[in-house]
**Q** 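Handing you a structure now.
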Amino acid sequence: MYLILKQINKDEWWKADTPDEIIIGAILTQQTQWSNVEKAMRNLKREGMLSISRLADANLQSIERAIRPTGFYRQKATRLKEASERIMDNGGVKRVFSLPQKELYDILISLKGVGMETADSIALYGADKPTFVVDNYTWRVISRVYGREEPYDYGKIKEWVEGVTTRNAELYKEMHSYFVELGKSVCVKRDPICAQCPISRICSYGKANGSHSR
DNA sequence: CCCCAGGCGTCCA
DNA sequence: TGGACGCATGGG
């Protein structure tokens, strides 16, 4: 586990040249590997569309073509364009990001294609608001460590973490990157092969079926 | 061939 | 209100 975590630099983990790229990346990475998002971002940059203002005015088909590698590209293209238009209507990225955390969140969550995780990701990594981001990796790690069997509930996990930590954006960026990188190495199902799992020693699944006895 | 990916909106019991 | 489903390309 330490070998994985020691290589993470929270300032490099979600790197972006502009705040706009955080918004674009947050939408494109939904249910998608980051390597495919990078391809799409390169395409958008090459076409001069890697900003909220340019996306708002861009041709829908050209957006679709550029972001195809991320999958769900028709949905994402429409949502990217409409979200960009809404943000421009609200004064642009800089103004929206300068709003108080709750007002920013309310705008983000009202956008089609922006749910709780995406809104929190944008607020945290784009606007430096101290909000903890939950995702499937976070849930995968927590549910195994604490032996939770109930369905994934975003709000419950978020409230629990924020209740036992100081509300600090840099801390939450670091924690999120840890959960994601750890989660990537944790089995998806109740896989009995735990030898190389970074959390095998504290995983309730392994304890239950005895595969961690060594 | 299979399963999975840094979700979300919609629909239905 | 929560569980299933469609969205779709790319990688292992």
Side-chain angles (χ1 to χ4, degrees), chain A residues 4-5 7-16 21-44 60-84 86 105-127 129 131-144 148-159 161 169 172-193 196-199:
Chain A
I4 294 174
L5 297 184
Q7 302 177 49
I8 302 171
N9 178 335
K10 73 181 192 321
D11 296 319
E12 293 288 315
W13 187 73
W14 189 330
K15 55 184 188 322
E21 290 179 28
I22 297 291
I23 302 174
I24 297 166
I27 292 174
L28 291 183
T29 198
Q30 290 167 1
Q31 197 64 21
T32 303
Q33 305 221 14
W34 187 255
S35 57
N36 293 324
V37 175
E38 290 181 324
K39 291 179 193 167
M41 303 261 275
R42 278 199 296 274
N43 293 340
L44 287 172
L60 185 60
Q61 277 69 39
S62 62
I63 300 176
E64 288 182 353
R65 230 180 303 121
I67 69 171
R68 186 164 300 162
T70 68
F72 309 140
Y73 66 90
R74 275 182 289 224
Q75 279 190 357
K76 286 177 180 175
T78 302
R79 292 170 177 180
L80 257 184
K81 181 170 169 59
E82 291 184 359
S84 298
R86 285 278 314 283
Y105 184 83
D106 287 344
I107 290 177
L108 293 174
I109 202 68
S110 73
L111 302 172
K112 284 256 204 266
V114 176
M116 290 183 287
E117 184 195 335
T118 307
D120 282 334
S121 297
I122 294 170
L124 177 63
Y125 288 96
K129 306 297 185 188
T131 184
F132 182 74
V133 179
V134 182
D135 66 357
N136 276 307
Y137 288 133
T138 308
W139 171 242
R140 189 173 301 167
V141 173
I142 289 177
S143 64
R144 281 159 179 65
R148 292 182 174 229
E149 295 292 342
E150 74 266 28
Y152 173 28
D153 185 319
Y154 189 98
K156 275 188 183 167
I157 301 302
K158 179 185 178 66
E159 285 174 29
V161 173
Y172 289 156
K173 288 180 192 179
E174 190 171 3
M175 287 177 66
H176 179 64
S177 69
Y178 286 177
F179 275 118
V180 172
E181 295 307 320
L182 271 180
K184 285 179 180 174
S185 304
V186 173
C187 61
V188 176
K189 303 196 182 82
R190 286 170 175 270
D191 191 339
I193 305 171
Q196 63 274 42
C197 176
I199 63 167

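Within every chain, numbering begins at 1; the chains are lettered A, B, ... in the order of the sequence lines, protein sequences first and strands thereafter. The model shown is predicted, which means the values in this text are computed figures rather than measured ones.
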**Q** Using a 4.0 Å cut-off on heavy atoms, which residues in residues 37-44 of chain A reach DNA chain C? List them by number, or say none.
**A**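 Contacts with DNA chain C under 4.0 Å: K39(A).
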**Q** For DNA chain C, which nucleotides open and close the run of contacts to chain A, 5' to 3', at under 4.0 angstrom from a non-hydrogen atom?
**A** dG3(C) to dG11(C)
**Q** Would you mind reading off the distance between Y152(A) atom OH and dG6(B) atom P, rounded to a whole angstrom?
**A**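 After rounding, the gap between these two atoms is 13 Å.
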**Q** Could you pull out the closest heavy-atom pair between A83(A) and I27(A), with the gap in Å?
**A**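 Heavy atoms of A83(A) and I27(A) come nearest at CB-CD1, 4.5 Å.
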**Q** What pairs with K158(A) under side-chain contact (heavy atoms from CB on, under 4.5 Å), at least two apart in sequence or on another chain?
**A** D120(A), T131(A), V134(A), Y154(A), E162(A)
**Q** Give W139(A) one of three labels, base, sugar-phosphate or nothing, depending on what nucleic acid heavy atoms sit under 4.0 Å from its own.
**A** nothing
**Q** May I ask you to decide if the ring planes of F179(A) and F132(A) are parallel, tilted or perpendicular, using 30° and 60° as cut-offs?
**A** perpendicular
**Q** Between I122(A) (CD1) and dG6(B) (C1'), how many Å, whole number?
**A**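 Computing the I122(A):CD1 to dG6(B):C1' distance gives 13 Å.
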**Q** Mind checking the P distance from dG3(C) to dG6(B)? Whole angstroms is fine.
**A** 23 Å
**Q** With rounding to the closest Å, how many angstrom separate the C1' atoms on dC1(B) and dC7(C)?
**A**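 The answer is 22 Å between these two C1' atoms.
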**Q** Between N or O atoms, less than 3.5 Å apart, protein on one side and nucleotides 8-12 of chain B on the other: list the pairs.
**A**
| residue | atom | partner | partner atom | Å |
| --- | --- | --- | --- | --- |
| dC8(B) | OP1 | G115(A) | N | 2.9 |
| dC8(B) | OP1 | G115(A) | O | 3.3 |
| dC8(B) | OP1 | T118(A) | N | 3.0 |
| dC8(B) | OP1 | T118(A) | OG1 | 2.7 |
| dG9(B) | OP1 | G113(A) | N | 3.0 |

**Q** So does K15(A) pair up with E12(A), basic N to acidic O under 4.0 Å?
**A**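 No, K15(A) and E12(A) are not salt-bridged.
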**Q** Please give me the minimum heavy-atom distance between M116(A) and Y105(A), naming the atom from each residue.
**A** CG-OH, 3.5 Å
**Q** Given side-chain contact (heavy atoms from CB on, under 4.5 Å), test D135(A) with H176(A) step by step and report yes or no.
**A** CA-CA 9 Å; D135(A) 66 357; H176(A) 179 64; 3.5 Å; yes
**Q** Show me the donor-acceptor pairs within less than 3.5 Å that the side chains of residues 68-77 of chain A make with the rest of the protein, sequence neighbours left out.
**A**
| residue | atom | partner | partner atom | Å |
| --- | --- | --- | --- | --- |
| T70(A) | OG1 | I67(A) | O | 2.9 |
| Q75(A) | OE1 | R79(A) | NH1 | 3.4 |
| K76(A) | NZ | L28(A) | O | 2.8 |
| K76(A) | NZ | Q30(A) | O | 3.1 |
| K76(A) | NZ | T32(A) | OG1 | 2.9 |
| K76(A) | NZ | T70(A) | O | 3.2 |

**Q** Nearest 0.5 angstrom please: Y125(A) OH to W13(A) CH2, how far?
**A**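 Y125(A) atom OH to W13(A) atom CH2 measures 4.5 Å (nearest 0.5 Å).
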**Q** For the backbone of E82(A) and the side chain of R86(A), can you confirm whether one donor and one acceptor N or O come within less than 3.5 Å of each other?
**A** no
**Q** Tell me the closest heavy-atom pair linking A119(A) and I109(A), and the distance in Å.
**A**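 In terms of heavy atoms, the two residues are closest at CB-CD1, 4.2 Å.
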**Q** Could you tell me the separation between the CD1 atom of I24(A) and the OG atom of S84(A), rounded to the nearest 0.5 Å?
**A**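 Nearest 0.5 Å value for the CD1-OG distance: 6.5 Å.
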**Q** Polar pairs (N or O, both sides) under 3.5 Å between protein and nucleotides 1-5 of chain B?
**A**
| residue | atom | partner | partner atom | Å |
| --- | --- | --- | --- | --- |
| dC3(B) | O3' | K189(A) | NZ | 3.4 |
| dC4(B) | OP1 | K189(A) | NZ | 2.5 |
| dC4(B) | OP2 | K189(A) | NZ | 3.4 |
| dA5(B) | OP1 | R140(A) | NH1 | 3.0 |
| dA5(B) | OP1 | R140(A) | NH2 | 2.7 |

**Q** Measure the CH2-CD1 distance between W14(A) and I22(A) for me, rounded to the nearest 0.5 Å.
**A** 5.5 Å
**Q** Say you draw a straight line from CZ of R144(A) to CD1 of I142(A); how long is it, rounded to the nearest 0.5 Å?
**A**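 So the CZ of R144(A) and the CD1 of I142(A) are separated by 12.0 Å.
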